[in-house]
Amino acid sequence: MADTSEKVGLLRVLGPAHVWALGVGIVLVGEYMGWNFGVGKGGAYAALIACWFAGILYTCVAMIDSEVTSTVAAAGGQYTQANHIVGALMAFNVGLYLVFAYTMLEAANAWTVGFLVQTVGGLAGHEGTLNDDPFIVLSIMFLAWLNYRGVLATLTFNLVITAFAFVAIILLFLMTAPFTAPDLMQHAELMSGQAALPYGWLGILAAMHFGLWYYLGIEGTTQAAEEVRSPARSLPFGTLAGIMTLVIAATLTWFVCVGLMPWEYLGTAGTPLFDAARLSGSSFLVWLLGIGTLFATLASANGCINDASRAWFSMGRDRYLPSWFGAVHPKYRTPYRAIIFLVPIALLFALKLPLDQIITFSILSGLLGYTFMPLNMIMFRRKWPLDTIKRGYVHPFHPIPAILLLALCAVTYFAVFLGYGTQLVAMVGFYVVASLWFHFWRYRFVNRGAQFTMPWPKPKGY
Amino acid sequence: MMDFWDYLEYAAWAGSAIFGLLIVADWIKTDTTYSEEMLTSSREGELEAMTEQHKL
């Protein structure tokens with residue numbers, strides 16, 4: 001056995017660009033695929049309203065997260081925030097929301113990598129259907145290995161492929177926009193008459209669910225809190241730059257796609273940005289967006305492994321789960337057991353469960369997490385007002401963003417209930433059962449006293 | 001008749017197995033080399049001191 005007196009912990013090696021790459025990397029795949037199902041639900045204008053409506057929701061998320069995480073600078077993100085600000089049962093639930101949302105999203109991304117390789121194989125003349133299983137497994141194993149070996153390499157890799165995928169969207173816009181190709185876009189023809197709002201205002205409500213796809217996962221930047229060199233600066237900077245990037249990318253994506261494809265086709269397309277590149281007639285853009293789609297998918301899976309493992313690790317470290325999961329690799333300084341443990345779960349989700357169910361459960365877990373955030377923010381400001389502890393970032397107009405986020409969550413619940421009522425009830429039922437298990441059994445092992453390590457004064461009113 | 005894509009399938013399985021083995025081999029080596037007390041010694045709030053101790 002090696003020297004046991006030494007302590008090991010995660011390494012502070014990341015900068016704001018890595019935070020940006022983590023947040024945008026998880027999300028950008030939503031621009032490449034998925035958002036367009038909202039067009040099928042309510043037409044092009046409904047998808048744009050959903051895009052900006054969700055943009056407001058996520059700007060609130062980004063601002064709230066930036067303030068709390070720049071202060072609660074520890075791994076676990078929202079789980080750790082709940083632990084310090086709300087209480088044990090909330091923290092346990094939020095931890096589970098995070099792990100399920102990210103692991104299921106990782107599985108969906110791996111499935112998509114398999115689908116992309118299968119499609120390219122078919123287009124390249126492969127006879128019969130290519131088996132996508134080995135490519136699904138390879139993407140999960142490679143990214144798990146990368147995460148195992150160190151956070152700096154993992155998120156630098158994410159930075160490169162995410163930047164590539166974002167630049168690809170910008171170039172697609174520049175090369176198809178009216179000022180460079182005057183006759184290519186057909187917005188007026190494709191969005192007038194019955195095509196404007198094919199299902200009326202109800203269609204807009206139905207499209208809201210898919211508005212989340214443009215931004216789902218930006219809150220993942222908080223998981224890097226224990227590994228950034230300067231949490232007070234890097235986390236707000238990376239997160240807010242991330243949401244700005246996504247609003248730009250989402251709007252450009254919408255503009256290009258609805259100008260090139262009729263809503264009936266776009267609403268069911270598997271890879272809308274790639275299809276837009278094909279319609280542009282430029283082989284350069286076809287290659288660029290093809291590689292961009294693959295990179296965006298890998299970046300998302302990579303960020304999800306990073307985030308799910310940090311949440312699981314933190315729960316283990318605080319004894320919410322067996323402390324075995326709270327181990328840090330002495331050489332690579334990563335939560336290696338949490339990374340390993342989540343690999344077979346992601347493989348199971350990716351290989352055995354239907355894609356639409358995985359994505360729905362991932363989004364629902366995310367939505368439960370967003371509902372926690374405004375309540376957390378209000379409690380944070382009440383217990384520790386601005387003059388009691390120093391924050392890295394103070395978000396403006398409090399409590400308006402928190403109230404707005406709560407209201408938008410309520411609207412989104414209603415929209416989700418219309419489309420996926422059974423899954424919503426099943427998911428809530430699962431968390432109720434998990435909460436009962438935690439309350440009556442697991443809570444006795446939680447080391448509450450050892451957790452309050454932040455050098456904060458006593459909360460107001462206590 | 002096997003084509004490029006069939007070989008790519010086998011290569012993907014082989015790559016997956018290699019990454020899996022690399023992870024598991026290092027996991028076993030780490031868990032047998034270091035004590036459990038050290039591996040689970042990370043505590044929230046002790047980061048700054050540890051970062052200073054760490055030598056790159």
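Values reported hereafter were calculated over all heavy atoms of this structure, with side chains retained and with hydrogens, waters and symmetry mates removed.
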Any idea which of A:V343, A:V120, A:I140 has the most non-hydrogen atom pairs under 4.5 angstrom with chain B?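 Of the options given, most contacts go to A:V120.
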Counting only heavy atoms closer than 4.5 Å, note whether [X] contacts chain B via side chain, backbone, both or neither.
{"X": "A:A75", "result": "neither"}
{"X": "A:D132", "result": "neither"}
{"X": "A:R337", "result": "side chain"}
{"X": "A:Y332", "result": "side chain"}
{"X": "A:L130", "result": "both"}

Residue part contacting chain A, namely of B:L8, when any heavy atom lies under 4.5 Å: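 For B:L8, heavy atoms of backbone and side chain both lie under 4.5 Å from chain A.
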Step by step, work out the side-chain hydrogen bond (donor to acceptor under 3.5 Å, both in side chains) result for B:D26 and A:Y336. CA-CA 10 Å; B:D26 187 82; A:Y336 71 112; over 6 Å; no
Are there more than 12 heavy atoms of other residues, nucleotides or ligands under 6.0 Å from atom CZ of A:F445?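 Count over threshold, so yes.
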Ring-face cation of A:R391 near A:F380 (centre distance under 6.0 Å, axis angle within 45°):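 Relative to the ring axis of A:F380, which defines the angle, A:R391 lies inside both limits.
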Are B:R43 and A:E226 ion-paired here, with the side-chain N under 4.0 Å from a carboxylate O?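 A:E226 and B:R43: not salt-bridged.
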For B:L21, which residues count as a side-chain contact (heavy atoms from CB on, under 4.5 Å) partner, sequence neighbours excluded?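 Counting only residues at least two positions away or on another chain, B:L21 forms no side-chain contact (heavy atoms from CB on, under 4.5 Å).
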Partners passing side-chain contact (heavy atoms from CB on, under 4.5 Å) against A:L298 (at least two apart in sequence or in another chain):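 side-chain contact (heavy atoms from CB on, under 4.5 Å) list for A:L298, sorted by chain: A:V113, A:S139, A:L143, A:I161, A:L294.
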